[in-house]
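The figures that follow rest on heavy atoms only: side chains count, while hydrogens, waters and symmetry mates do not. As the structure is a prediction and not an experimental result, all values here were calculated from the model.
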Number of protein chains: 2
Amino acid sequence: MDLQVQFGKRVKELRLAKGLSQEALALKAEVDRTYMTSVENGKRNVAIQNIGKIIAALDISIQDFFTTDIFEGIDE
Amino acid sequence: MDLQVQFGKRVKELRLAKGLSQEALALKAEVDRTYMTSVENGKRNVAIQNIGKIIAALDISIQDFFTTDIFEGIDE
DNA sequence: TCCATATGTGACTCATAGTCCGTTGACTTA
DNA sequence: TAAGTCAACGGACTATGAGTCACATATGGA
């Protein structure tokens with residue numbers, strides 16, 4: 001599985017756990033709603049600045065964000 | 001401190017620990033030599049695909065890469 | 001049925017990610 | 001004095017990510 005796909009899955013997982021809509025999270029992260037949609041669906045090769053914004057909006061540390069089975073076994 | 005700066009520091013730290021030159025790591029990660037320099041110096045807003053390539057070239061898991069004090073306290 | 005909320009998609013512009021050519025300076029070894 | 005390795009930088013270039021929009025779809029409630 002592609003890393004950008006894994007990233008999207010993780011974002012969606014954490015967003016749903018917080019009971020937020022894509023739009024609410026996008027607002028908090030200061031990105032466009034449709035951009036957030038494509039990130040969650042693994043369509044975007046997100047750059048690290050936006051990764052930081054999104055993780056911060058999820059109220060989780062970088063460490064905790066990446067510490068999950070989703071990121072086991074990167075194909076690349 | 002900026003996330004892309006923290007990322008660069010972490011890459012450099014792990015690269016030196018492995019005794020690799022920037023060029024050797026760049027070759028392994030399949031990115032440009034000059035690009036690796038600017039990444040380590042926090043000048044690049046690296047996209048997640050290249051983050052994956054670089055971390056893989058460092059022979060470390062995503063989890064372990066981000067589990068370090070360097071990533072404590074993101075300003076964003 | 002109508003309306004609001006939530007999500008997804010294709011296309012677009014523009015800034016920049018990333019490559020490839022080279023140079024320079026610091027350091028090391030011969 | 002070379003001659004080599006390494007890190008950093010720069011200019012020019014191409015590929016692609018950032019950011020936005022119109023529009024579509026699905027759902028649930030009044």
**OP:** Ignoring backbone atoms, test whether B:Asn45 places a side-chain nitrogen or oxygen under 4.0 Å from the OP1 or OP2 oxygen of C:dA17.
**Re:**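 Yes, within the criterion.
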Original post:
Does OP1 or OP2 of C:dT19 have a side-chain N or O of B:Tyr35 closer than 4.0 Å?
Top reply: no
Using the salt bridge (charged side-chain N to carboxylate O under 4.0 Å, His left out) criterion, which residues pair with [X]? Sequence neighbours excluded.
X: B:Arg15; result: B:Glu40
X: B:Lys18; result: B:Asp59
X: B:Arg10; result: B:Glu13

Figure out the [atom1]/[atom2] separation between [X] and [N], and round it to whole Å.
X: A:Leu27; N: C:dA6; atom1: CG; atom2: P; answer: 11 Å
X: A:Phe7; N: D:dG17; atom1: CZ; atom2: C1'; answer: 14 Å
X: A:Leu25; N: C:dT5; atom1: CG; atom2: P; answer: 18 Å
X: B:Gln49; N: D:dA15; atom1: CD; atom2: P; answer: 18 Å
X: A:Gln22; N: C:dT7; atom1: CD; atom2: P; answer: 5 Å
X: B:Glu23; N: C:dC20; atom1: CD; atom2: P; answer: 13 Å
X: B:Glu30; N: C:dA17; atom1: CD; atom2: C1'; answer: 17 Å
X: B:Glu40; N: D:dC6; atom1: CD; atom2: P; answer: 13 Å

Original post:
Restricting to pairs with a member in residues 4-53 of chain B, which pass ring pair (Phe, Tyr, Trp, His ring centres under 6.0 Å), not counting sequence neighbours?
Top reply: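 Counting only pairs at least two positions apart or across chains, the ring pair (Phe, Tyr, Trp, His ring centres under 6.0 Å) contacts touching residues 4-53 of chain B are B:Phe7-B:Phe65.
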**OP:** List for me each residue that meets side-chain contact (heavy atoms from CB on, under 4.5 Å) alongside B:Thr34, sequence neighbours excluded, and say none if there are none.
**Re:**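 Expected list: B:Asp32.
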**OP:** Apply side-chain contact (heavy atoms from CB on, under 4.5 Å) to B:Leu16 and list each qualifying residue two or more places apart in sequence or on a separate chain.
**Re:** B:Lys12
Original post:
So which of residues 12-21 of chain B are in contact with DNA chain C, with a heavy-atom cut-off of under 4.0 Å?
Top reply: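 Nothing qualifies; none.
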Original post:
Residues in side-chain hydrogen bond (donor to acceptor under 3.5 Å, both in side chains) with A:Thr68, at least two apart?
Top reply: none
**OP:** Return the set of residues passing side-chain hydrogen bond (donor to acceptor under 3.5 Å, both in side chains) with B:Asn41 (not counting sequence neighbours), or none when no residue passes.
**Re:** none
**OP:** Going by the side chain to side chain donor-acceptor pair (under 3.5 Å) test, name the single residue among B:Glu23, B:Gln22, B:Arg44 that passes it with B:Thr37.
**Re:**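 Between B:Thr37 and the candidates, side chain to side chain donor-acceptor pair (under 3.5 Å) is satisfied uniquely by B:Gln22.
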Identify all pairs in which a protein N or O lies below 3.5 Å from an N or O of nucleotides 9-15 of chain C, and state each distance.
from, atom 1, to, atom 2, distance (Å)
C:dT9, OP2, A:Lys43, NZ, 2.9

Original post:
Between A:Asn45 and B:Ala47, is there a donor-acceptor pair closer than 3.5 Å when you use the side chain of the first and the backbone of the second?
Top reply: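 Not at all, since once roles are kept as given, no pair shorter than 3.5 Å links the two residues.
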Subject >> B:Phe66: partners by ring-ring contact (aromatic ring centres under 6.0 Å, His included), with sequence neighbours left out >> reply: A:Phe66, B:Phe71
**OP:** For the helix from C:dT1-D:dA30 to C:dA30-D:dT1, measure the angle between the helix axis at one end and the axis at the other, each built from five pairs, rounding to 10°.
**Re:**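 Comparing the first five pairs with the last five, the axes sit 30° apart.
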Original post:
Which part of the nucleic acid does A:Val46 contact within heavy-atom distance under 4.0 Å: base, sugar-phosphate only, or nothing?
Top reply: sugar-phosphate
